[in-house]
Every structure is written in C-alpha cells, then in structure tokens.
Amino acid sequence: MNNEPRQNPYEVLGVEQDADARAIKKAYFERVRQNPPETHPEEFRRLREAYELLSDPEARQAFDASAAQQADGPEARNNAALQEAINLFEAGDKVGGRRLLTELLNEQPDLHDARILLGRHFLYEGDAKEALAEFDALLARAPDYWQAHLQRGWALLRLERMKEAADAFWRAGKHGPSEVSPRVALADCLEAMGQVADALKVLEQAQSLPGISRMDVLALKVRRIATMLEFGQDAVAAKELDRLDAELPEDADPELRRWTGAQLSAAAAHLFGQQKSRGANQLLAFGRRFNPESATEAAYPTCVTVEVDALPQVTRDWLHSEAERIGGWRVLSTWVMPALFTLICATALCFLLTFIFLGTNERGVWDWVFWAAVAGFGCGAMYYQTRYLLRVMASPYGRFNTIHPLHLIQVAIDRITVWPLVHLQDLQLVNHQNNGVYQHTNIQMRFSDKRMVLTVKGKDKAEALAQELIARRRRVLELLGRGMLDAESGVEHLPPALLASADKQGHVRAPHTPSPWPGVFVAAGIGVLLVGAAVWPQNRLSAEHAWMRVASNADLSTMLEYLREQPDPRFVPQLQARVDAELGKARTQLEARLDPGSAAAPSRAFFTALLDAASRTHSRRITVTYAAQEGARTPQDDPSELLVSAWQRTVDEAVGQGVLVVDGGRGSQREGPPLLTLHVREEVQAGKRGWSVKPEGLELPVAPLDLVADAADPRGSEVLFHAWVDRWHLPGAGDRRPLLLTASTLVQEAQP
C-alpha cells in the first residue's frame with residue numbers, strides 16, 4: 001500500500017474523470033513508454049498505482065467520493081506539504097526533504113503520514129536503523145497504527161531480524177483486520193524462514209478478510225499457487241489453477257480476466273527469478289486463456305530454432321539491420337569455410353568415382369554393393385553440402401549473435417536459434433590461454449535445463465556482453481512482473497505464438513519449404529547408378545590388367561590361376577597355348593628321362609595323364625594324405641611329411657621342377673583343387689606293417705595297393721615306399737637307394 005499522499009490518478013494518467021477502461025489502459029501504456037521503470041522508477045510506480053486504482057471499479061468509485069470531500073481543508077494543505085517533500089527527494093535534495101518533514105512533525109507530531117514518509121526515505125537510502133527508529137517513534141504515539149507495524153516489519157527484514165519482522169507483520173494484520181498487504185508481507189517472511197505451510201495458510205486465511213475486494217482475492221489465490229509451484233507442490237497447484245479457471249469462466253468480466261492474467265504473469269516473473277522455469281511457464285500458459293491479446297504473456301520454450309522464412313517481414317528487416325550493424329555477413333569464415341569444405345567434398349567425390357571407374361582390382365558382387373553404398377552416400381552428402389553453400393551465398397545475414405529485448409539470438413545463415421532470457425539461470429566467464437597468451441573468452445550459460453556457450457574474443461567485450469545479458473534479463477522479469485512487457489520496444493519481432501508453434505524437436509519450419517531429403521535421395525540414387533554403369537567397363541579394365549600382369553610373368557602357377565579363376569575369352573586361347581607349351585616341355589623331359597628300356601618306363605602314361613589333367617583343369621596340385629592305425633606310430637615316427645617330400649622328388653625327376661606341386665592336403669588355394677589325391681593308411685597286424693594306397697580324382701593306369709613289411713624292421717617305411725615305387729613303376733623302381741630318406745636310412749647310407 002502506498003503511504004505517501006495520494007495523487008489524483010486521473011492527472012497522473014492524463015485522462016478525464018469520465019474516461020472508460022479502454023482509454024485508461026491506452027493512456028497507461030503510452031505514459032509507461034515515455035517513463036520506463038529502469039530510468040523513471042518513481043514515475044512508473046505512480047503510473048502503476050494510478051492504473052490499478054482506476055482499473056478497480058469499486059476503488060475508483062471510493063476515490064471519486066473521497067476526492068469530492070477533500071477539495072479543501074487542512075488535509076489538503078498537509079498533502080501539499082508532503083508532496084513538496086517528495087519533490088525535493090526526487091530532485092536529489094535529501095537534506096531539504098528531511099528538513100521539511102522534520103519541521104512538519106515538530107508542528108504536528110501526530111501527522112503519521114509525514115513520519116511514515118521520513119522512515120521510508122531512510123529505508124530507501126539503506127539506513128534501516130534510522131528507519132526503524134522513526135517507526136518505533138510513531139508506534140510510541142500510535143501503538144495501533146497498522147501501517148507503522150508494517151513498515152517496521154520491512155525495516156526489521158532489512159536488518160535480517162526475521163522473527164521480529166514476522167511478529168511486526170502479524171501485528172500489522174491484527175491492527176488492520178481488513179488489510180491485505182500485512183498478510184502478504186507475513187507470508188513472504190514465513191517463506192524466507194522456510195515455513196512454507198504456514199505461509200500458504202496465511203494467504204488462504206487472507207482471502208476471507210472482511211470487505212476484501214474480488215481482485216484482492218484473486219491476487220491472493222495467484223500468489224498462493226505461485227508459492228506452491230516454487231516449492232514443488234505442482235499437483236496441488238494444478239488443482240488450484242483448475243478452481244481458478246472455474247471461478248472465471250469465459251463469460252466473466254473481460255477486464256477482470258485480463259487483470260487475472262496479468263497477476264499470473266507477475267507470479268511467473270517471480271518464479272523465473274527463482275529459477276523455477278517449469279512452474280513459471282505453467283502459470284503463463286494458464287494465464288494465456290485469460291489474456292489472449294497479450295503479445296508477451298505466454299509460455300516461453302527454453303530454446304527454439306526458427307527458419308528465417310517463417311519469420312514476419314518486420315523481424316527479417318530487423319535481422320538485416322542487425323547484420324549490418326554487427327557485420328555478420330562480412331565475417332570471412334561465414335562463406336569461405338563452407339566453400340572450402342564443398343570443394344574438398346567435390347574433389348573427394350571425383351577421386352572416388354575415378355577409382356570406381358578406373359580401378360584395376362577385381363571386384364566381386366559384395367565389393368560392388370559396398371562401393372555403390374559409398375558412392376550413394378558421397379553423392380547425397382555432396383548435394384546436401386552444395387545446397388548448404390547456396391543457402392550461405394544467398395543469405396543476407398551470415399552468422400552473428402545479437403540480443404533481442406526478450407531473447408538471446410544466434411543467427412546462422414537462414415535460421416535463428418532463440419534463447420528466451422527469462423530462462424537464463426547461470427552465467428560464467430572462462431578465459432582461455434595458450435602458453436600464457438590470452439586467446440578468447442567462453443561465456444557459459446545455462447538456460448533452464450539446457451546449456452550453451454558463446455565464444456568471444458576480447459575480455460572487455462565478453463564482460464560487456466555478459467553484463468548486457470544480465471541487465472536485459474532483469475528488465476524482462478521486471479516488466480513481466482509489472483504487466484508492462486507488451487510495451488517494450490521490439491517485442492513484436494518474435495511473437496510468442498510463433499515460438500509456441502515449434503515441434504517436439506524445438507523447430508519452427510517455414511510453410512511450403514521444400515525438404516532437402518528428396519534431393520539427397522535422388523543424388524544418392526544417381527551415385528548408385530553411376531557405380532552400376534561402371535561395372536562393365538571396370539570389369540574389362542581389371543581383366544586387361546590381370547592379363548597384362550599374367551602376360552608379363554611366365555610363371556606356370558600364375559597362368560593356371562588366371563585360367564582357373566578369371567578367364568577372359570579374349571585372352572584364354574593365347575594363355576592356354578602358353579600353358580600347353582610349358583607342359584609340352586615337361587612331356588619332352590618326361591620322354592627323355594623315362595626311356596623305353598628303363599624300369600620306370602611304364603609310368604610314362606601315369607605322368608602324361610597328370611600333365612593332361614593339369615592342362616584341362618588348370619591345376620597342378622597332387623595331395624598325399626597319411627592316416628595310421630591308433631597306437632601304430634608315435635608322432636616322432638610320422639612319415640607323412642617324408643611321403644610328401646618323396647613324391648615331390650619323384651614328380652620333379654619325371655617332369656622337371658616347378659611343374660607339379662605335392663602337398664599333404666594343406667596346400668595353397670592359389671594352386672587350385674587337387675588333381676590327384678593319394679590316400680595312405682597304415683595298419684599293424686600280426687607283426688606285419690601294411691600300407692593301403694588308394695588314388696582318387698583321376699582315371700589313371702594304376703591300381704590301389706596293399707603293401708606289407710616286417711613291423712620290427714626299422715626301415716619298414718622305406719621298404720613299403722620302395723614296394724610302392726616298384727609296383728607303379730615310378731622313377732627309382734628297381735633301385736635300392738633310399739627314397740623315403742628316413743632317419744634310419746640316412747644313417748645307413750652314411751656308413752661305408
């Protein structure tokens with residue numbers, strides 16, 4: 001309650017006494033624009049009080065009746081003197097104001113308004129002890145004066161004497177049984193002391209005060225709901241909001257509904273200040289139904305990304321002027337880096353397609369599938385990056401950060417990110433250095449449940465920006481709390497309805513804006529088609545490269561592998577002729593070494609069949625496998641490797657080295673599948689060691705063998721292998737020199 005002499009509200013707002021509610025509201029907003037609270041706090045306070053008085057029909061009627069009775073008389077002269085003291089205080093003449101009030105009190109010690117004004121002056125100046133002395137002096141003369149108890153409570157609160165302050169507020173309510181302000185002050189004090197339940201009870205009881213107006217009841221209910229939300233009682237607060245909605249249906253007094261919406265916005269500003277963004281937005285969203293005409297009394301998302309094309313023209317014009325002022329487009333990295341990255345992507349894509357078309361490696365089906373996926377992704381990414389570069393080049397804004405009256409805005413080419421300042425809860429400056437040299441400053445901010453960082457070069461610049469953000473937030477909350485945010489210049493640039501239209505991801509998209517994804521998929525499809533078109537020419541190129549590699553290498557194994565794995569009809573006849581020529585040399589050597597009169601002459605047909613099979617199947621591999629009866633051999637006596645070595649020497653003696661390859665079944669796959677597999681199984685029975693030999697894989701002029709030797713003979717394996725050579729008439733038949741080269745035979749061979 002204002003304890004200063006009441007000014008004529010009609011004169012304060014500059015309206016006639018018979019002005020209607022619309023004219024009063026219009027005059028109020030016009031005067032506030034001329035006298036904003038941050039530069040004219042006292043004038044703004046008087047405007048607000050005048051508007052609240054004239055907005056309440058009952059209070060307005062009572063004022064009109066009182067004014068008619070107080071046109072003349074001593075009270076009018078006292079009010080004039082008090083107004084003169086106020087004018088001196090506002091002019092900065094504090095000594096003159098105090099002297100005038102002191103003289104007035106010396107003449108009229110019971111002029112309580114003068115002492116209240118003097119005490120409030122001390123309180124405003126920060127001298128709570130002097131203020132408390134004045135209020136105590138007043139109570140000594142008027143112990144039942146409720147306003148003195150109320151002001152005394154504020155002085156004690158400033159001195160952090162919480163319990164005494166609560167007692168003073170309680171006494172103010174006791175001596176002012178129909179006054180609301182002492183109850184609200186007591187509730188505030190109890191909240192500060194942590195007695196939330198008692199504070200809620202006080203606010204609830206205040207709603208039943210005798211003669212209380214409906215607007216005061218609604219204000220108390222809103223205040224009580226805000227307290228619940230501030231201290232985590234969301235469920236109870238939701239029920240109270242529903243009751244408030246039922247109390248003010250749509251057909252209720254429109255002015256009363258708008259006034260209630262303003263009260264909800266004021267409570268929301270308080271919650272924002274207490275870093276309770278969720279509860280504040282809940283109040284704003286609820287109050288929106290009472291005051292839908294307001295441009296600012298609406299729930300604020302924490303962060304919204306808006307496409308520039310979705311903004312109204314006035315906002316785009318403002319962004320353009322901000323870009324010119326800040327120089328957003330003139331930042332070199334705005335377009336140079338996207339252009340450079342696009343060039344890198346284009347170069348990489350060209351190299352990729354060149355490799356796909358001109359690569360010489362042989363590729364299978366899954367290789368082509370992989371490269372098709374890579375090319376599709378590369379072409380899609382290239383389309384997306386090119387589209388982004390075109391957006392950058394066409395953007396009149398570039399990249400920059402600016403501060404809107406209500407928001408922190410990050411402009412990025414053709415979209416903006418909006419951070420409402422009401423959610424700003426924490427701000428820190430972190431200076432980064434490199435080897436002791438200052439580099440930049442990070443402004444780390446927390447907006448409700450999200451964090452963001454601005455990088456600023458220059459300590460002074462970063463500090464100035466941080467101070468401006470804090471000041472803007474303070475101003476936004478102050479104006480929102482006083483219902484004056486609509487009057488702030490520039491709020492029309494970002495209408496809350498536009499921010500509220502964001503999707504679940506927090507994006508506001510422009511209508512009829514084509515999505516980039518169809519183009520991305522089309523570009524990816526083109527990349528896949530290009531890979532498909534490269535299959536035939538690349539296969540021909542890889543075949544030619546493989547032929548050139550084989551043609552330059554006369555190795556029989558390489559030629560057979562080519563004919564077996566990747567024969568190209570263009571080169572097969574020529575390469576087959578070269579293979580046959582090499583095998584022809586082996587046949588010539590076979591005929592020279594196995595002359596018709598030798599013991600091995602009958603095996604010429606055996607080796608000729610192997611050479612013919614090598615020419616036909618393009619494999620030159622012979623496999624010898626050995627399996628022994630369990631317990632017949634120890635690992636040290638295993639002759640499998642000796643058999644492989646003996647057979648390799650045998651075929652080399654017959655057809656020459658490097659023509660046929662013998663292994664034990666674990667040969668290189670480069671040599672192809674086996675031409676011939678010789679299975680050797682060893683068994684020991686009745687003092688006899690036996691080998692069972694079975695050929696597999698070719699129709700050869702040899703028969704399976706069952707060979708027997710004395711099990712006690714240390715040269716048993718040599719005897720068995722000699723018998724094998726003799727029976728098949730292999731090179732070495734009839735010769736008793738060691739063929740298997742076991743340890744025992746080597747020792748005996750070394751003896752004279």
Side-chain angles (χ1 to χ4, degrees), residues 360-362 539-624 644-678 695-703 725 728-733:
T360 58
N361 293 334
E362 182 186 3
N539 283 341
R540 287 181 60 87
L541 185 63
S542 64
E544 292 175 358
H545 180 76
W547 161 246
M548 293 175 62
R549 185 175 65 251
V550 172
S552 62
N553 188 353
D555 179 67
L556 179 61
S557 175
T558 303
M559 292 187 290
L560 292 176
E561 181 184 8
Y562 178 83
L563 290 172
R564 185 176 63 252
E565 300 294 340
Q566 49 185 11
D568 191 311
R570 296 174 295 169
F571 312 119
V572 165
Q574 183 178 355
L575 192 57
Q576 184 67 49
R578 294 181 62 178
V579 169
D580 291 341
E582 291 294 326
L583 295 178
K585 295 178 182 178
R587 288 188 180 92
T588 301
Q589 182 172 339
L590 177 65
E591 293 176 356
R593 291 187 178 182
L594 302 181
D595 58 79
S598 67
S603 65
R604 292 174 63 181
F606 173 79
F607 289 109
T608 300
L610 288 176
L611 295 175
D612 291 341
S615 175
R616 183 176 64 255
T617 64
H618 306 135
S619 175
R620 59 174 189 157
R621 182 179 168 205
I622 300 173
T623 298
V624 180
V644 170
S645 300
W647 263 99
Q648 185 66 64
R649 291 194 301 275
T650 300
V651 297
D652 288 346
E653 185 178 349
V655 299
Q657 292 186 351
V659 179
L660 297 177
V661 177
V662 182
D663 60 56
R666 298 181 297 275
S668 172
Q669 295 298 320
R670 183 172 179 267
E671 302 295 345
L675 282 174
L676 173 66
T677 300
L678 301 174
E696 178 185 354
L698 285 177
E699 294 291 337
L700 296 172
V702 292
V725 169
W728 278 10
H729 304 285
L730 300 175

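- Ser603 places a side-chain N or O within donor-acceptor distance of the main-chain N or O of Ala600, the cut-off being under 3.5 Å.
- One finds the CG atom of Leu575 at 13.5 Å from the CZ atom of Arg570 (value rounded to the nearest 0.5 Å).
- Checked for salt-bridge contact, Asp580 and Lys585 miss the test: no charged N lies under 4.0 Å from a carboxylate O.
- The structure places CG of Leu660 at 4.5 Å from CD1 of Ile622, a figure rounded to the nearest 0.5 Å.
- Checking side-chain atoms of Trp728 against main-chain N and O of Ala733 turns up no donor-acceptor pair under 3.5 Å.
- By the 4.5 Å heavy-atom criterion applied to side chains, Met559 and His618 are not counted as neighbours.
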**Prompt:** Run the side chain to side chain contact (heavy atoms under 4.5 Å, CB included) check on Val624 and Val662 step by step: do they pass?
**Reply:** CA-CA 7 Å; Val624 180; Val662 182; 3.8 Å; yes
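- Rounded to the nearest 0.5 angstrom, Asp555 CG and Glu582 CD are separated by 9.0 Å.
- Between Ala601 and Pro596 the shortest heavy-atom distance is CB-O, 3.6 Å.
- For the pair Arg549/Tyr562, no side-chain contact is recorded, criterion being any heavy-atom separation below 4.5 Å from C-beta on.
- Within 6.0 Å of CD on Gln657 lie no more than 12 heavy atoms contributed by other residues, nucleotides or ligands.
- No donor-acceptor distance shorter than 3.5 angstrom exists from the side chain of Ser598 to the backbone of Leu594, with no hydrogens or angles considered.
- Listed here is the closest heavy atom pair of Leu556 and Gly658: CD2-O, 4.2 Å.
- Annotation: side chain of Leu610 is in contact with side chain of Leu676 (closest heavy-atom distance under 4.5 Å).
- In terms of heavy atoms, Gly664 sits closest to Thr623 at C-CG2, 3.9 Å.
- At a threshold of 4.5 Å between non-hydrogen side-chain atoms, the residues Leu563 and Gln576 count as touching.
- Residues Ser619 and Leu560 form no side-chain contact, since every pair of their non-hydrogen atoms from C-beta on lies 4.5 Å or further apart.
- Using a 4.5 Å heavy-atom threshold, the side chains of Val725 and Thr650 count as separate.
- Counting heavy atoms from C-beta outward, Leu583 and Asp612 have side chains that stay 4.5 Å or more apart.
- Contact of the Asp663 side chain with the Arg621 side chain is registered, since non-hydrogen atoms from C-beta on lie closer than 4.5 Å.
- Between Phe606 and Trp647, the angle of the ring planes lies from 30° to 60°, which puts this pair in the tilted group.
- Atom CZ of residue Arg593 and atom CZ of residue Arg604 lie 13.5 Å apart, to the nearest 0.5 angstrom.
- Between Glu561 and Arg564 no salt bridge is recorded (no basic side-chain N to carboxylate O distance below 4.0 Å).
- Neither side chain, His545 nor Glu362, offers a donor N or O lying under 3.5 Å from an acceptor on the other.
- Rounding to the nearest 0.5 angstrom, the gap separating the CZ atom in Arg620 from the CG atom in Leu611 is 12.0 Å.
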**Request:** For side chain to side chain contact (heavy atoms under 4.5 Å, CB included), just list the numbers for Thr617 and Leu675, CA-CA rounded to whole Å, side-chain angles, deciding distance to a tenth of an Å, and then say yes or no.
**Result:** CA-CA 8 Å; Thr617 64; Leu675 282 174; 3.0 Å; yes
